[in-house]
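Have a look at the structure below, then the notes.
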Amino acid sequence: MKNLIIVESPAKARTISKFLGKDYTVKASMGHIRDLPKKRTGVDVDNGFEVTYQTDPNKKKIIEELRKAAMQAETVWLATDEDREGEAIAWHLSEVLDLKESKTYRIVFHEITKDAINQAMKTPRPINKELVQAQQARRILDRLVGFELSPLLWKKVKPALSAGRVQSVAVRMIVEREQEINKFKPQAQYRIIAEFRFSEKDNETIIQAELSKRLKSKKKAEEFLQNCKGANYEIADLEKKKAKKKPAPPFTTSTLQQEANRKLGYSVSRTMLLAQQLYESGHITYMRTDSVNLSKQAIAIAKKTISELYGDKYSQPRNFTVKAKMAQEAHEAIRPTNLNKQKVGADASQQRLYELIWKRSIASQMKDAELERTTAKIGISTMPKEFLDAKGEVITFDGFLKVYSESYDDQKANGSEKILPPMKVGDKLALIIMKAIQRFTQPPYRFSEASLVKRMEELGIGRPSTYAPTISTIQKREYVEKKNVPGEMRKYSIIELKNDQINETEKTEKYGAEKGKLIPTDIGVIVNDFLMKYFDNIVDYNFTARVEDEFDEIAEGKKDKKNMLKNFYVPFHNKVEHTLQYSEKFSGARLLGIDPKTGKNVYAKIAKFGPVIQIGEADDKEKPKFASLTKKYSLDSITLEEALKLFKFPYVAGTYEGSDLVINTGRYGPYVLHKDSFYSIPKGEDPLEISQERAIQIIEEKRKVQKEKVINKFGNELAVLNGRWGPYISYKKKNYKIPKDVDPKSLTEKECMELIDKSKAKKGRKKK
DNA sequence: CAGTGAGCGAGCTTCCGCTTGACTT
């Protein structure tokens with residue numbers, strides 16, 4: 001073997017090996033090949049922050065393969081990504097594979113084309129040791145922060161919690177957003193809208209207009225309408241303005257996650273899974289990137305495709321520059337590998353994601369859209385200083401809008417693109433109706449997974465490869481929950497002026513409802529309070545930005561890794577030690593009041609197994625009593641009355657079939673206990689209010705499901721069962737799918753075994 | 001994929017970034 005090229009991703013390796021001849025073998029490292037130990041820090045803080053690396057046991061096979069290939073090769077080309085992590089991977093490879101400097105070259109390329117690779121091989125360079133040092137500094141800092149703060153949380157708050165440079169700031173953003181919303185006091189204002197028609201020409205067209213300012217009180221709104229009684233209206237001024245809209249740049253990981261969430265309703269992890277599948281089948285470029293750059297070749301193909309599909313006048317090749325603060329741009333933007341393919345993907349959800357990527361990439365290479373915005377000012381004879389505005393917008397050239405337009409989180413469904421009828425200054429208008437509608441100012445929106453990623457990217461916290469995992473971590477630790485907020489009802493008033501009569505009516509509206517948003521839990525709030533109190537420097541929004549600057553200086557050789565780490569670690573570690581020794585247990589205890597029965601204090605706090613109510617003090621002779629909070633309540637809002645009710649558990653809701661129906665809450669939520677069997681009470685029901693009838697209903701429902709569960713049984717190990725997602729085959733504790741066109745009831749034992757064999761065979765193929 | 005139902009104890013938990021499998025529905 002003459003040449004061995006090592007890249008990070010196997011899909012990339014496959015593509016490259018197609019370009020290159022027999023003299024080249026291309027292999028993938030599958031990311032990092034070794035790391036700090038799993039169970040201990042692996043950093044000798046007293047000895048210049050020397051580290052111990054361990055090879056990942058799952059990577060043994062790959063490493064052996066690479067080592068063998070490297071020994072056989074005349075030349076080894078380390079072609080990992082051109083960023084801090086990629087440089088470190090190259091260095092680890094050279095260490096672990098014991099590569100000889102004389103036959104090892106470090107190369108980088110940004111486009112996966114034959115030319116780019118050949119060019120890269122003409123300009124090899126040694127491994128950049130400073131950049132590797134910077135990566136080590138990053139890794140060590142994250143490890144020390146995570147492995148010192150987490151155990152502190154176990155001791156002071158609750159076991160099995162975690163904290164880190166990235167996740168703790170993400171939680172902080174969600175907690176603070178919720179606090180802002182709770183603090184928010186809506187202000188009422190009045191919006192004046194009016195409908196007119198022309199009094200001297202065509203009577204059909206209705207013109208809608210609005211007062212540009214809002215009126216602060218009901219009194220002012222009434223006055224305004226009073227003053228309009230008997231008024232004449234005419235067009236006082238007409239203004240036409242030309243405007244342009246530019247297409248958004250091609251997708252990065254973060255913008256793809258946001259748009260797929262807004263337009264397709266995909267979660268961040270679903271988007272990444274589908275994108276990975278598209279990437280592995282060769283349909284799109286790499287999906288973890290912070291670059292908006294397109295290759296020259298891609299721009300050229302886009303130009304050709306746009307001309308063919310829409311005509312030359314729609315094409316406008318463009319280069320975009322990065323917006324993201326800490327972008328490292330090791331890859332291109334996310335785009336179709338073949339921009340002339342409009343539709344690809346193995347299933348509907350892949351196709352929809354691909355279509356989105358295709359449209360965004362193509363639109364980014366198209367002309368600006370041109371618009372004409374018209375504003376007509378309508379004069380009111382009784383109030384010479386006030387004007388109502390009628391606004392219209394016409395698209396004079398659609399440009400990129402032909403293909404794609406970006407969505408926004410706060411997009412309001414008010415269809416602003418209205419067209420105004422032809423009119424001129426002096427045209428007289430007749431009022432049909434004028435309304436003063438009470439409107440309330442709005443609190444900020446809660447974060448969705450995607451808008452959280454957007455904010456993280458703005459602050460430079462996390463990387464494209466970690467956005468999705470971070471979001472799942474903070475949910476797994478139960479710091480935040482993804483939930484729907486039902487919203488509440490409120491009244492608002494409308495004052496109408498019609499035929500010179502003023503009428504007031506009251507209406508009801510729903511407000512504050514949100515879907516799939518991130519909401520902090522009690523534990524999330526308390527851990528954040530703890531970190532804000534003792535480690536505000538770590539959860540500072542600019543902490544990452546500041547250390548990133550220092551990592552850059554290390555990479556440029558201007559700063560020493562050991563000094564940087566020492567300057568951070570010494571005060572940090574002292575603070576950890578000090579907190580460990582001197583601070584009380586941090587339970588977020590809140591005194592709710594006095595228990596009328598015992599006269600003892602009632603607290604709401606976090607205990608070892610989550611949020612509880614405690615009656616009495618820990619150092620009393622008599623041990624305090626505890627009750628867990630049910631889902632409905634949170635620590636910072638539960639009242640004394642509600643808290644005392646929780647001590648009702650376990651209680652008897654009635655009897656059934658001669659046995660008690662006992663209601664209780666346990667490890668997995670509230671349940672009904674009846675004759676030694678447990679029946680979960682569905683989420684959303686208040687377990688304190690379970691009647692005998694409801695308890696019986698819950699039991700009967702479960703019995704019915706269990707009865708219907710077994711469709712067919714063949715011996716002890718094989719059965720056709722009904723599960724949450726429909727019928728399936730269960731065999732030796734493993735489950736197998738039943739094809740859609742097969743009737744599960746008619747399946748024989750033999751047919752079942754055939755299906756099982758088939759699915760095993762399929763798996764075998766996939767492995768290869 | 002369907003059942004689990006704590007709370008002295010002993011020993012465990014944890015970070016961020018790079019990758020894709022193995023699992024399944």
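For Trp77(A), the ring pair (Phe, Tyr, Trp, His ring centres under 6.0 Å) criterion is met by Tyr105(A), not counting sequence neighbours. Among residues two or more places apart in sequence or in another chain, the ring pair (Phe, Tyr, Trp, His ring centres under 6.0 Å) test is passed with Tyr534(A) by Phe530(A). Residues satisfying the side chain to side chain contact (heavy atoms under 4.5 Å, CB included) criterion with Ala70(A), sequence neighbours excluded, are Leu4(A), Val76(A), Leu99(A).
Between dC18(B) and Ser29(A), no contact under 4.0 Å exists linking OP1 or OP2 to a side-chain N or O. The phosphate of dC15(B) (OP1 or OP2) has a side-chain N or O of Ser162(A) nearer than 4.0 angstrom. Between Arg84(A) and the phosphate of dC16(B), there is no side-chain N or O to OP1/OP2 separation shorter than 4.0 Å. Taking 4.0 angstrom as the limit, Ser465(A) places a side-chain polar atom (N or O) nearer than this to OP1 or OP2 of dC18(B). For the OP1/OP2 pair of dT14(B) and a distance below 4.0 Å, the side-chain nitrogens and oxygens of Arg477(A) include at least one atom meeting the criterion. In this model, the phosphate group of dG3(B) is not approached by any side-chain N or O of Tyr679(A) to a distance below 4.0 Å at OP1 or OP2.
At a threshold of 4.0 angstrom between heavy atoms, the contacts of Gly86(A) with the nucleic acid are absent. Using a 4.0 Å heavy-atom cutoff across all strands shown, Pro10(A) reaches sugar-phosphate atoms only and no base atom. Thr466(A) comes within contact range of at least one nucleobase, with a heavy-atom separation under 4.0 Å. Among the atoms of the strands shown, base atoms are found under 4.0 Å from some heavy atom of Arg138(A). Within 4.0 Å (heavy atoms only), Thr470(A) reaches no atom of the nucleic acid at all.
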Counting Watson-Crick and G-U wobble pairs with both distances under 3.5 Å, what is the dot-bracket string for DNA chain B, 5' to 3', using [ ] for crossing pairs and | for pairs to another strand? .........................
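Evaluation of Phe147(A) against the base of dT14(B) yields a stacking contact (centre distance < 5.5 Å, interplanar angle < 30°).
Put simply, CZ on Arg463(A) is 17 Å from C1' on dC15(B), counting in whole angstrom units. Look at CD1 on Ile606(A): it is 20 Å from P on dA6(B), rounded to the nearest Å. In this structure, Ile6(A) places its CD1 atom 16 Å from P of dT19(B), rounding to the nearest Å. For the pair Phe535(A) CZ and dC15(B) P, the computed distance is 16 Å after rounding to whole Å. Between the C1' atom of dG7(B) and the NZ atom of Lys625(A) lies a distance of 17 Å, rounded to the nearest Å. Remark: C1' of dA22(B) and NZ of Lys61(A) are 13 Å apart, rounded to the nearest angstrom.
Residue pairs meeting the side chain to side chain donor-acceptor pair (under 3.5 Å) criterion with at least one partner in residues 50-62 of chain A, sequence neighbours excluded, are Tyr53(A)-Gln136(A).
In this model, no side-chain donor or acceptor of Arg288(A) finds a partner on the base of dC18(B) within 3.5 Å.
No donor-acceptor pair under 3.5 Å is formed between the side chain of Tyr479(A) and the backbone N or O of Ala170(A).
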Output side-chain donor-acceptor pairs under 3.5 Å for residues 672-679 of chain A, partner residues at least two apart or in another chain, one line each.
{"unit_1": "His674(A)", "atom_1": "NE2", "unit_2": "Tyr656(A)", "atom_2": "O", "d": "2.9"}
{"unit_1": "Lys675(A)", "atom_1": "NZ", "unit_2": "Glu657(A)", "atom_2": "OE1", "d": "3.3"}

